[in-house]
Amino acid sequence: MGYIHCCGALHKTRTFCLAPQDKFLLCEVDYLVRCPICGHTVVQLTRIDEADNISVIRKINKKAKDFFYKLKSHILYEIKPIKYNKINTGKFYLNYNEFGVKKRCYSNLSSLKIGIAENK
């Protein structure tokens, strides 16, 4: 998933990989159907050639829709973002009793004080 800068913010777009033409190694199209702020349709073609030069073509509204329909025949596949679990914790909590109060240990087992008796 790519991003397009429009109206002072980055917006998530659908990203498509194109068949490289001429002397280009990589061609990608970012397609923003509707900007949430201004309502424009934005298409951005990004190409990288053999000398690592980047060329960007950007179209807005009607020209963008026409440009995208021209490129539709060259699209190989859509690049889907990888969905991953951002939280690497399990659902198991270690319940323990400290001074008669039930507590839960979430992560740090070395800080547990099990078996400590309060001395007076």
Side-chain angles (χ1 to χ4, degrees):
M1 176 176 295
Y3 292 92
I4 287 183
H5 190 267
C6 184
C7 300
L10 291 175
H11 302 289
K12 291 182 181 179
T13 62
R14 293 177 66 189
T15 304
F16 300 96
C17 185
L18 297 178
Q21 300 168 351
D22 299 331
K23 297 180 180 179
F24 294 104
L25 298 176
L26 179 70
C27 296
E28 287 187 354
V29 173
D30 292 318
Y31 182 58
L32 179 63
V33 178
R34 184 177 184 277
C35 175
I37 299 170
C38 63
H40 290 158
T41 300
V42 183
V43 173
Q44 182 172 318
L45 173 65
T46 307
R47 301 179 297 184
I48 300 175
D49 65 359
E50 295 168 350
D52 291 335
N53 296 323
I54 298 174
S55 65
V56 176
I57 300 170
R58 183 183 173 106
K59 305 282 183 179
I60 297 174
N61 289 335
K62 177 146 176 48
K63 289 183 181 180
K65 291 176 186 173
D66 294 340
F67 186 58
F68 184 69
Y69 287 124
K70 269 190 208 175
L71 294 175
K72 241 182 180 179
S73 62
H74 300 291
I75 291 176
L76 297 176
Y77 57 90
E78 182 176 358
I79 300 172
K80 299 279 186 178
I82 299 170
K83 293 184 180 180
Y84 61 92
N85 188 4
K86 294 179 183 175
I87 302 171
N88 292 329
T89 60
K91 294 181 180 178
F92 173 75
Y93 301 107
L94 178 62
N95 292 318
Y96 69 100
N97 193 349
E98 184 180 34
F99 306 121
V101 179
K102 272 195 168 183
K103 293 187 176 182
R104 280 190 170 178
C105 175
Y106 294 98
S107 61
N108 195 358
L109 294 176
S110 63
S111 67
L112 281 179
K113 297 176 183 176
I114 297 177
I116 294 179
E118 188 174 0
N119 294 332
K120 291 186 180 182

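Any value given below was found using the heavy atoms of this structure, including those in side chains, with hydrogens, waters and symmetry copies removed.
Taken to the nearest 0.5 Å, the NZ atom of Lys59 stands 12.5 Å off from the CG atom of Asn61. For the atom pair NZ of Lys80 and CZ of Arg14, the computed distance is 6.5 Å after rounding to the nearest 0.5 Å.
With side-chain heavy atoms closer than 4.5 Å counting as contact, directly or through intermediates, the hydrophobic cluster containing Leu45 also holds Phe16, Leu18, Val29, Tyr31, Val33, Val43, Ile57, Phe67, Phe68, Leu71, Ile75.
Between the side chain of Thr15 and the main chain of Gly2, a donor-acceptor pair closer than 3.5 Å is present. A distance-only check finds no donor-acceptor pair linking the side chain of Asp49 to the backbone of Phe24 [under 3.5 Å].
For the residue pair Arg47 and Cys27, the shortest heavy atom distance occurs at CG-SG, 3.7 Å.
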Just do the side chain to side chain contact (heavy atoms under 4.5 Å, CB included) check on Cys6 and Arg58 with the steps written out, would you?
CA-CA 11 Å; Cys6 184; Arg58 183 183 173 106; 4.1 Å; yes
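When Val42, Ile4, Leu32 are each tested for a side chain to side chain contact (heavy atoms under 4.5 Å, CB included) with His11, only one passes: Leu32.
Under the rule for a salt bridge (charged side-chain N to carboxylate O under 4.0 Å, His left out), the partners of Asp66 that lie at least two apart in sequence or sit in another chain are Lys62. Glu28 meets the salt bridge (charged side-chain N to carboxylate O under 4.0 Å, His left out) test with no other residue; sequence neighbours excluded.
Leu26 and Leu76 are assigned to two separate hydrophobic clusters, defined by single-linkage of ILVMFWY side chains at heavy-atom distances under 4.5 Å. In the hydrophobic cluster analysis, where Ile, Leu, Val, Met, Phe, Trp and Tyr join through side-chain heavy atoms closer than 4.5 angstrom, Leu25 is grouped apart from Ile54.
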